[in-house]
Structure formats: structure tokens, C-alpha cells
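Proteins come first, then strands; the chains are lettered A, B, ... in the order of their sequence lines, and each starts at number 1.
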Amino acid sequence: MSKDEVATALEEIAILLALQGENAFKIRAYENAARTISSLDRNLAEMVADGSLGEVRGIGEALLEKISTLVTTGSLPYLEELKAAVPAGLIQMLRLPGIGPKKVKLIHDELGITTIVDLKNACIADKVAHLKGFGAKTQTKILEGIAFLDTVGQRVRIDLAWPLGQRLLAQIKAFPGVIRAELCGSLRRRRETAKDLDILCSADDAGPIMAAFVHLPEVLQVVGHGETKSSIVAALMLDGTKVVLNADLRVVKDPGFPFALAYFTGSKEHNIRLRQRAIERGLGLNEYALSGKQSVACKTEADIYKALDLDYVEPEMREDTGEVEAAEKHQLPKLIEAADIRGVFHNHSTWSDGAASIEEMANAAKALGFEYFGIGDHSQSLAFAGGLTPERVKLQWAEIDALNQKLKGIRIFKGTECDILEDGSLDFDDDLLAGFDYVVASVHTFFHLPEAKQTERVCKALTNPHVTMLGHATGRLLLRRDGYRIDLEQVIRTAATHKKMIEINAQPSRLDLDWHWVKRAKAEGVTIVINPDAHSPGELALFTYGVDVARRGWLTKADVFNTRTLNAVIKSLSR
DNA sequence: GCCGTTTTCGGCCCGACTGTTTTCAGTCG
């Protein structure tokens with residue numbers, strides 16, 4: 001069983017225990033273990049085998065045994081027993097806003113309800129309002145929640161959440177009396193998806209700001225309206241997609257702004273580490289202050305970290321995956337920035353399934369400030385995407401040569417996104433591949449292969465001397481489709497051995513390689529390349545989402561190939 | 001269920017808001 005599968009199993013245990021009314025700290029132990037396992041940067045099976053898993057913080061005797069069983073046998077009797085004891089419908093109920101494990105348990109124990117449908121009927125029959133701790137409002141809230149179940153509370157991709165967040169933020173900044181305002185939460189940490197928007201502002205008088213917030217034009221529903229905190233459901237149409245997200249606004253006094261900013265940026269796990277650190281120093285940290293016998297004045301977040309004897313941690317690294325330790329030892333990397341990117345390689349034109357000519361794409365790349373730009377249209381077997389035959393490849397090369405004569409200030413590279421065939425061979429023969437400046441090797445077919453076969457297939461492609469980089473390593477589509485099953489550990493090692501790069505595909509629906517694995521790839525010495533996989537001029541700008549992933553994966557400018565100068569890239573590709 | 005220079009028991013981050021309650025539990029982040 002893979003790391004992610006083990007983590008999912010542990011999360012499931014935590015949820016099932018909560019529904020049984022177990023001790024909250026026991027539940028947290030499972031939640032923590034799930035997170036710890038998914039962010040391990042070593043092979044889990046190896047750690048089970050050599051016993052080093054038991055040395056990991058948060059993994060004690062009981063968890064070690066359960067994880068070992070999961071890894072070696074692929075299942076866990078304890079989990080199966082829990083599942084058998086808890087109806088699946090109860091887990092669905094947890095998605096209802098304002099409804100947690102305690103209330104779900106009561107609904108089940110008192111009314112024998114096991115499905116959402118039964119719950120809805122019980123609410124309509126006015127049975128739920130009479131439960132202890134429930135009332136008419138809770139019952140109404142449950143019914144509203146069921147009606148919204150399919151639209152609200154779902155995670156949303158960052159490229160959709162970000163514009164909605166910015167739109168709300170801009171209006172809040174314009175409210176009279178607002179001194180400072182910022183997007184916090186997972187959006188500030190640049191997670192690939194968001195469940196809600198956390199917005200913070202400072203002002204002397206919170207009342208008018210709360211009132212104005214719940215009346216913004218994007219408000220679909222007011223969930224809460226307190227003195228300093230309000231929650232809304234906000235909606236916005238973006239390119240034909242209706243984006244619906246919960247948004248919370250908190251108002252604090254301006255001197256407390258840095259504390260609140262740190263607090264609401266999270267992650268929760270990172271905050272807990274900071275607070276524990278404050279306690280060790282005889283201080284207390286919350287969203288208002290860092291204080292002991294007297295409060296420690298902090299003008300910025302950096303001051304807070306300094307007061308805790310830590311270097312400043314960029315929001316993207318605040319996941320409690322080693323950043324606190326690194327900040328203590330002054331070993332945090334200086335993260336790459338969008339401005340460091342000098343060009344991109346994996347892009348499409350009308351030669352295959354793109355929407356614009358090579359010239360239009362190249363000019364758009366130049367307008368973004370890029371020095372070089374690579375076309376990597378599809379290869380022949382991908383007929384549905386207009387894959388190029390060898391004959392058309394040569395015609396395309398001639399066009400690129402002509403454009404390189406004509407255009408100034410941007411160099412176009414001849415590339416291909418060459419399909420990896422089922423057996424791991426490539427879709428063009430070696431002679432043709434040798435004629436490209438670079439080759440992106442990608443999987444677009446046979447997603448269903450068993451993990452070992454898929455891994456062997458991709459690793460074989462990586463041994464081809466003409467391959468430069470691996471495209472979208474898992475084929476995942478965020479919130480829509482899991483990636484194909486593949487042992488990324490082995491893929492990364494193979495890439496390292498054969499000196500191949502791995503792409504961070506910056507399409508917001510992909511963001512593949514995932515940041516957890518980016519960290520791992522860096523540790524193995526693999527060079528990363530950030531590509532927008534642009535199918536139109538406008539999509540070139542998506543590369544910044546790839547930079548976000550790189551930052552979450554702790555990459556510096558030096559770790560990323562396309563931060564290099566044109567001359568350095570030419571030199572490297574001609575080897 | 002985990003952890004330990006306060007070490008094998010008794011803690012485990014903490015505050016806002018809501019809805020239910022006459023002082024608080026549950027939920028959320």
C-alpha cells in the first residue's frame with residue numbers, strides 16, 4: 001500500500017472514531033499520523049522494513065503496528081471493523097455545515113438515521129429539532145445544507161478561488177476605516193485547491209465593516225455575522241464557471257494585524273508548532289499577541305518568528321514538514337520567484353491541439369518577458385490531439401527556423417511532447433528525436449496499467465538518451481481524476497540516475513508533479529522545469545501556478561532549469 | 001493514541017460564533 005493510501009486509511013479511522021464518540025486526542029493522533037505519513041520524504045515500505053518509522057514523531061507503538069499491517073498486507077482488520085460498525089451515510093453528514101461528529105452520532109443513536117435521505121425526511125417531519133442540543137434553527141440549517149451539498153463546501157482550484165478572493169479583498173480594502181487587509185489561509189500558502197477564503201483586515205471599528213461585508217454583491221448567503229467575524233457563501237462567474245466558496249472575514253485592531261495574519265495563514269499544524277515554541281519560551285501566542293509577563297511588540301510576521309528564534313518562513317512552506325527545524329538552524333532555502341523564470345518549454349500551437357500559431361505564442365512569451373520559448377506539440381500516435389507525423393515535424397522545424405530569423409528578442413526552441421507508448425518506447429524513432437532541441441516525454445494513454453507496469457513503462461522512457469524531461473508525471477486532474485498508479489519514488493530515482501528533468505506542469509487542473517514529490521525530487525538531485533503546457537497565448541501566464549508549487553516544494557532558483565539564461569539553456573540542450 | 005529535563009500519568013492550541021442553553025457544548029479554522 002502506498003503512502004497516500006495509508007494516509008487515507010488513517011484519516012478514515014480518525015473520522016470513524018469521531019463518529020463513535022472516541023477521545024478527541026486519540027482522533028487527533030490518527031489525523032496527525034495521516035499527515036505525517038503523507039509528507040514523509042522516504043519510501044514508507046523501506047521505513048517499515050528497517051524499523052525507522054517507529055522513530056518518527058507522532059508514530060507510537062499502536063500506530064506503528066497498524067501502519068505496518070497496512071503497508072505489508074494492504075488492509076487492516078481494525079479499519080474494517082470500524083467501517084462495519086459505522087454506516088457510510090454518517091460520513092456524508094459530516095459535510096453539512098455546522099454539523100460535526102457529535103451531532104451526527106446523536107442523530108444516529110437517537111433516531112436510527114443512517115443516510116442523508118433519511119435525515120432530510122426526519123427534518124421535514126420535525127423530528128430532529130427535538131433532539132438534545134438541537135433546535136429549530138439547527139434543523140433548518142441541516143435542510144439548507146442538504147440542498148447546497150453539491151455546490152457549497154467543495155474544494156475549488158486555486159485559479160478559480162484566487163480571482164474570487166482578490167475581488168472580495170479589493171472591495172474590503174476600499175471599505176472606510178480599513179487599515180490593512182490580506183488574503184490568508186490556504187490561498188496565501190498557495191495550496192492547489194481551496195475549501196474557503198480567509199480574509200483578514202485591521203480597523204478601529206469592526207461593526208461597519210462586518211455590515212458592509214455581508215452585503216457585498218458576491219454574497220449568496222450569510223452564514224454568520226458576528227462582531228469581529230462574519231462568514232458568507234460567495235459566488236462569481238469566471239469564464240463560464242460558477243465559483244462558489246465560503247468566505248470568512250475577521251477584523252482585528254491594527255497592532256494585532258501581524259499576529260492575526262500569521263494565525264489565519266496557518267497551516268494549523270505550523271501554528272501549533274509556533275505556539276508550542278512560544279510556550280517553551282514562557283510566552284503565549286494567539287491571533288492577538290505574543291505575550292508573557294509583558295507582550296512582545298511585533299510589527300511584522302518576521303518579528304514574530306524572530307521572537308521565537310526562527311528565521312522568517314514563507315507562507316508556502318508553513319506546513320510543518322520540517323520548516324520549523326530548518327528555520328531554527330538558518331537552513332531555509334531562498335525560494336524561487338516568478339520573476340526568475342526566463343522561458344518555458346512545454347507548449348502547444350495550431351500544429352497540434354493549440355489555439356494559436358507558433359508566432360503568436362512566441363510573441364506572447366516575449367511580452368511576458370521571456371528570453372526563450374519552446375514548442376512541444378503532440379506526437380503522431382495522439383491523433384485526437386492532432387499529433388504531428390514525422391513529415392509535419394520537419395515542416396514545423398522549417399517554420400521555427402524562419403521565425404527565429406524574423407523575430408527579435410525571443411528564441412524559439414524545437415521541442416515535442418512525445419507520447420510514451422504502452423511498452424515504454426517513444427512515439428518517434430531515435431533519428432527524428434535527435435533532431436529536436438529537447439523532448440518532453442508524457443503519458444496520455446493506458447492509464448489503467450498496474451502500478452508496476454506503469455512504473456516500468458515510464459522509467460524505460462526515461463532511459464532513452466533523447467528524452468530531456470518527463471511531462472505531467474501522474475496525469476492527475478485535480479478534483480476530477482486521480483493520477484495513474486505509479487511508483488514516483490522509483491521514477492524520481494530513475495530520472496536522477498539518467499539525468500532527466502521532471503516537469504512541474506503548471507496547468508491549474510494538473511499541478512503535477514505535486515509539491516510533496518517536488519521536495520523529494522530535489523532531495524534526489526533531479527532538476528525541475530516549470531511548464532505552463534499552454535494551449536493559447538493567455539495560458540502562458542499560468543506558469544506562475546507552477547512557481548507556487550515549486551515554492552511549496554522548497555525549490556530555489558538554482559533548482560529550476562528554466563531560470564537559466566538563454567546561453568546556458570542552449571549549452572545544456574546541445575549536450 | 002502520543003509523549004516525557006514537569007517522564008509511565010496527565011496533559012494534549014485556542015478563540016469566535018452559533019444555537020442551545022440559564023452557563024455551555026459543538027463546530028470551525
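- No contact: A/I27 has no heavy atom under 4.0 Å from any strand.
- To the nearest 0.5 Å, atoms CD1 (A/I209) and CG (A/L249) are separated by 7.5 Å.
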Report all side-chain donor-acceptor pairs from residues 163-180 of chain A shorter than 3.5 Å, counting only partners two or more places apart or in another chain.
residue: A/R167; atom: NE; partner: A/E218; partner atom: OE2; Å: 2.8
residue: A/Q171; atom: NE2; partner: A/R167; partner atom: O; Å: 3.2
residue: A/Q171; atom: NE2; partner: A/E218; partner atom: OE1; Å: 3.0
residue: A/R180; atom: NE; partner: A/D254; partner atom: OD1; Å: 3.1
residue: A/R180; atom: NH2; partner: A/D254; partner atom: O; Å: 3.3
residue: A/R180; atom: NH2; partner: A/D254; partner atom: OD2; Å: 3.3

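- At a threshold of 4.0 angstrom between heavy atoms, the contacts of A/K268 include nucleobase atoms, whether or not backbone atoms are also involved.
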Identify the pairs formed between an N or O of the protein and an N or O of nucleotides 14-18 of chain B at a distance under 3.5 Å, and give each distance.
residue: B/dC14; atom: O2; partner: A/Y263; partner atom: OH; Å: 3.4
residue: B/dA16; atom: OP1; partner: A/Y288; partner atom: OH; Å: 2.7
residue: B/dC17; atom: OP1; partner: A/E227; partner atom: N; Å: 3.3
residue: B/dC17; atom: OP1; partner: A/T228; partner atom: N; Å: 2.8
residue: B/dC17; atom: OP1; partner: A/T228; partner atom: OG1; Å: 3.2
residue: B/dC17; atom: OP1; partner: A/K229; partner atom: N; Å: 2.6
residue: B/dT18; atom: OP1; partner: A/H225; partner atom: N; Å: 2.6

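- Pairing of B/dT8, defined by two Watson-Crick or G-U wobble distances under 3.5 Å, is not identified with any nucleotide.
- A cation-pi geometry, defined here as NZ or CZ lying under 6.0 Å from the six-membered ring centre and within 45° of its normal, holds between A/K103 and A/F134.
- The cationic group of A/R157 does not satisfy the cation-pi geometry with A/W162, failing either the under 6.0 Å distance to the six-membered ring centre or the 45° limit from the ring axis.
- Residues passing the ring-ring contact (aromatic ring centres under 6.0 Å, His included) test with A/F543, sequence neighbours excluded: A/F370.
- Side chains of A/D311 and A/H330: a donor on one and an acceptor on the other come within 3.5 Å.
- Residue A/S231 places none of its side-chain N or O atoms closer than 4.0 Å to OP1 or OP2 of B/dC28.
- Close to B/dG1, at under 4.0 Å from its OP1 or OP2, lies a side-chain N or O of A/K66.
- Using a 4.0 Å heavy-atom cutoff across all strands shown, A/L96 reaches sugar-phosphate atoms only and no base atom.
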